[in-house]
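What follows is one structure encoded as structure tokens, with my remarks underneath.
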Amino acid sequence: MTILAIDTSNYPFGVALIQEDRVIGEYITYIKKNHSVRAMPAIEQILKDCGIEAKELTKIVVANGPGSYTGVRIGVTLAKTLAWSLSIPLIPVSSLATLASSGRYFSGYIVPLFDARRGQVYTGLYEFQGDQLVCKEEDRNVMLEEWVIKLKELDKDILFVGNDVSLHENKIQEVLGKQVRIATFVSHNPRPSELAYIGMGLKETTAHEVLPNYIRMAEAEVKWLESQKNLNK
């Protein structure tokens with residue numbers, strides 16, 4: 001079993017190779033460069049460095065959102081193309097679940113977070129039960145203020161993880177107080193090896209079945225739908 005994992009869904013970019021029960025290669029960056037230009041060369045390089053040919057891959061795992069609309073599209077399209085051309089399974093995994101895996105050894109709840117602008121965030125609620133990551137509240141797009149009020153009702157410590165947590169830390173601390181734990185900065189980038197690990201335990205699907213999970217429509221799509229409604233009045 002040789003798995004390639006691809007994550008271009010947000011600002012961090014990562015690819016990883018897992019062979020049986022070993023991570024044999026992993027590449028992560030958090031820099032301002034275009035994923036569309038860098039993704040395929042990074043995949044080619046990690047395969048070359050690890051001495052793996054594309055035909056040896058047995059499945060591909062991709063982070064299919066939520067996140068940047070463009071970023072999600074890039075990763076899903078690339079993964080679908082590779083999986084289809086190699087005739088191997090393609091497994092989609094939540095980008096938030098991948099990030100939540102950074103809290104593997106935390107005993108309370110884990111809240112992964114991506115900023116969605118205008119006070120909104122992409123987030124969910126997770127916890128580890130043994131070695132299994134369990135989703136307690138489904139991924140969503142929500143106002144941060146509304147979300148932390150809901151979390152206040154929980155009777156557990158809560159670990160916030162993600163590079164965008166710093167954008168909302170004041171409000172998080174204000175509402176949740178002593179319940180809050182902020183992950184160290186080294187945990188804020190989603191690990192593509194964790195993405196691969198999650199995908200190992202999920203049902204295999206084909207390239208044709210996998211779709212991006214944007215959670216919400218892009219602003220341009222919302223405006224277009226509103227314009228169509230107005231035309232039909």
Side-chain angles (χ1 to χ4, degrees), residues 1-10 12-28 34-101 112 114 122 124 126 131-135 137-141 190-218 221:
M1 177 182 63
T2 304
I3 299 175
L4 171 67
I6 304 168
D7 188 355
T8 67
S9 60
N10 284 278
F13 163 71
V15 293
L17 278 172
I18 284 184
Q19 195 168 59
E20 303 305 332
D21 59 352
R22 294 180 300 148
V23 179
I24 61 172
E26 187 166 28
Y27 177 65
I28 308 170
N34 193 326
H35 293 342
S36 65
V37 175
R38 303 169 58 233
M40 196 61 213
I43 291 170
E44 291 172 344
Q45 189 63 50
I46 200 170
L47 289 171
K48 179 181 177 181
D49 290 346
C50 294
I52 300 293
E53 295 185 27
K55 65 183 180 181
E56 297 178 69
L57 297 174
T58 52
K59 64 181 70 173
I60 295 173
V61 181
V62 64
N64 73 324
S68 157
Y69 295 101
T70 302
V72 171
R73 281 195 295 270
I74 290 168
V76 171
T77 301
L78 176 56
K80 285 168 70 77
T81 302
L82 287 171
W84 178 82
S85 64
L86 295 168
S87 299
I88 58 177
L90 174 60
I91 302 162
V93 171
S94 161
S95 303
L96 287 163
T98 304
L99 180 56
S101 293
F114 302 132
Y122 293 116
Y126 292 82
D131 195 45
Q132 184 73 33
L133 181 67
V134 176
C135 181
E137 293 278 352
E138 65 181 15
D139 295 351
R140 65 195 63 196
N141 173 229
R191 294 281 302 276
S193 56
E194 289 282 6
L195 170 64
Y197 183 73
I198 295 171
M200 287 172 63
L202 298 179
K203 179 183 176 182
E204 293 184 354
T205 53
T206 66
H208 295 297
E209 295 175 86
V210 175
L211 296 172
N213 179 22
Y214 299 122
I215 292 187
R216 70 175 188 187
M217 291 185 292
E221 293 175 304

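Any value given below was found using the heavy atoms of this structure, including those in side chains, with hydrogens, waters and symmetry copies removed. Just so you know, residue 1 is the first one in the sequence shown, and it goes up from there.
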For D139, all residues meeting side chain to side chain donor-acceptor pair (under 3.5 Å), sequence neighbours excluded: S94, Y126
Nearest heavy-atom neighbours spanning L57 and I88: O-CG2, 3.6 Å
Point-to-point distance, once rounded to the nearest 0.5 Å, from CD1 of I60 to CD1 of I6: 5.5 Å
Residue list, salt bridge (charged side-chain N to carboxylate O under 4.0 Å, His left out) with D21, at least two apart or on another chain: none
Salt bridge (charged side-chain N to carboxylate O under 4.0 Å, His left out) partners of K203, counting only residues at least two apart: none
Taking every non-hydrogen atom, the tightest pair across P192 and A5: O-CB, 3.3 Å
Partner set under salt bridge (charged side-chain N to carboxylate O under 4.0 Å, His left out) for E20, not counting sequence neighbours: none
Heavy-atom closest contact (G51 atom, E56 atom, distance): O-OE2, 4.0 Å
All side-chain contact (heavy atoms from CB on, under 4.5 Å) counterparts of P92, not counting sequence neighbours: N64, T205, V210
Side chains of I198 and S101 in contact at under 4.5 Å (non-hydrogen atoms): yes
Worked verdict on L133 versus E194 for side-chain contact (heavy atoms from CB on, under 4.5 Å): CA-CA 11 Å; L133 181 67; E194 289 282 6; over 6 Å; no
Rounded distance [0.5 Å steps], CG in L4 versus OG1 in T58: 10.0 Å
Approximate separation, where rounding is to 0.5 Å, of E44 CD and I46 CD1: 12.5 Å
Parallel, tilted or perpendicular, as decided by the 30° and 60° cut-offs, for the rings of F13 and Y27: perpendicular
Heavy-atom pair of closest approach, residues G199 and I91: O-CD1, 3.4 Å
G124 versus L96, closest heavy-atom pair with distance: N-CD1, 4.3 Å
Stepwise side-chain contact (heavy atoms from CB on, under 4.5 Å) test for L99 and N10: CA-CA 11 Å; L99 180 56; N10 284 278; over 6 Å; no
Donor-acceptor pair, side chain of K59 and main chain of I3, under 3.5 angstrom: no
I43 CD1 to I52 CD1 distance, which is reported to the nearest 0.5 Å: 14.5 Å
Closest contact, heavy atoms only, G65 versus S9: N-CB, 4.4 Å
Side chain to side chain, F114 and S95, heavy atoms closer than 4.5 Å: yes
T8 side chain vs G75 backbone, donor-acceptor pair below 3.5 Å: yes
Min side-chain heavy-atom separation V62-L90 under 4.5 Å: yes
Verdict with reasoning, M40 to L82, per side-chain contact (heavy atoms from CB on, under 4.5 Å): CA-CA 10 Å; M40 196 61 213; L82 287 171; 4.2 Å; yes
Approximate separation, where rounding is to 0.5 Å, of E209 CD and E204 CD: 11.0 Å
Salt bridge (charged side-chain N to carboxylate O under 4.0 Å, His left out) against R191, all qualifying residues, sequence neighbours excluded: E26
Side-chain touch L17/L47, heavy atoms, less than 4.5 angstrom: yes
Stepwise side-chain contact (heavy atoms from CB on, under 4.5 Å) check, N213 with V72: CA-CA 8 Å; N213 179 22; V72 171; over 6 Å; no
Between NE2 on residue H35 and CD1 on residue I74, distance to nearest 0.5 Å: 7.0 Å
